[in-house]
Amino acid sequence: TYSDAGAATITNKRIESPVINCTGRGNVMVDFNFIKGGIGSSDNVWMVYFNGSTWSRVADLTRSIACVSPTTSVTWTNARFSLPASSTNNPSVKIGFEWDNNGNSDATTVSFAVDSIRLIDQSDLFTAEYFQF
């Protein structure tokens, strides 16, 4: 945690996957569903990537809801991002999510949730055509 000038205490957290072996894989994409809420400019979420030695931010996730109560129904947002080229044939990849929360202690705001994470090897895709006879 750290303090933002003039604001509440901010918490910075990261969750990360186990090591993902991308040997023999290229053009890898990550597909997932998420809910990003919160209030203020200090509630942020990024998808992050580890190439075996350093972490980097791949994408800044857009806010999907502004503010909801714990009993409000919300809709999940789907996202799909390409991993950096350094993931190709890399046996030491990790993905994760990093978020900052302004710590305003407002229990009626949702911070972040993620579900249904899939990795897709784009090099396995093919194009098919349909011809009418």
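- A distance of 10.5 Å separates CZ in R80 from CG in N33, rounded to the nearest 0.5 Å.
- Closest approach of N78 and F32 over heavy atoms only: ND2-O, 3.3 Å.
- Here the shortest heavy-atom pairing between P91 and V19 reads O-CG1, 3.3 Å.
- V114 and V93 end up in the same hydrophobic cluster when Ile, Leu, Val, Met, Phe, Trp and Tyr side chains are linked at under 4.5 Å.
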Working for side-chain contact (heavy atoms from CB on, under 4.5 Å), residues M29 and L119
CA-CA 6 Å; M29 296 189 79; L119 273 70; over 6 Å; no
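- Here side chain to side chain donor-acceptor pair (under 3.5 Å) pairs that include residues 81-93, with residues two or more places apart or in two chains, are Y49-S86.
- Under the 4.5 Å side-chain contact rule for hydrophobic residues, L61 and F50 do not share a cluster.
- Between E98 and R57 there is a salt bridge, with a side-chain nitrogen of the basic residue lying less than 4.0 Å from a carboxylate oxygen of the acidic one.
- Residues forming a ring-ring contact (aromatic ring centres under 6.0 Å, His included) with W76 (at least two apart in sequence, or on another chain): none.
- A distance of 11.0 Å separates CG in L83 from CG in N51, rounded to the nearest 0.5 Å.
- Not less than 6.0 angstrom separates the ring centroid of F97 from the ring centroid of F34.
- Two residues are said to be in side-chain contact when any heavy atoms from C-beta on lie closer than 4.5 Å; I117 and V30 meet this criterion.
- Of the candidates V48, V58, I20, I20 is the only one forming a side-chain contact (heavy atoms from CB on, under 4.5 Å) with I95.
- Linking Ile, Leu, Val, Met, Phe, Trp and Tyr whenever their side-chain heavy atoms come within less than 4.5 Å leaves W46 and F81 in two separate clusters.
- Considering all non-hydrogen atoms of both residues, D60 and V45 come closest at OD1-O, 3.2 Å.
- To the nearest 0.5 Å, atom NZ of residue K94 and atom CD of residue E16 are 4.0 Å apart.
- Geometric assessment of R14 against the ring of W55 yields a positive cation-pi assignment under the 6.0 Å and 45° thresholds.
- Taking each heavy atom of D121 and G24 in turn, the nearest pair found is OD2-O, 4.4 Å.
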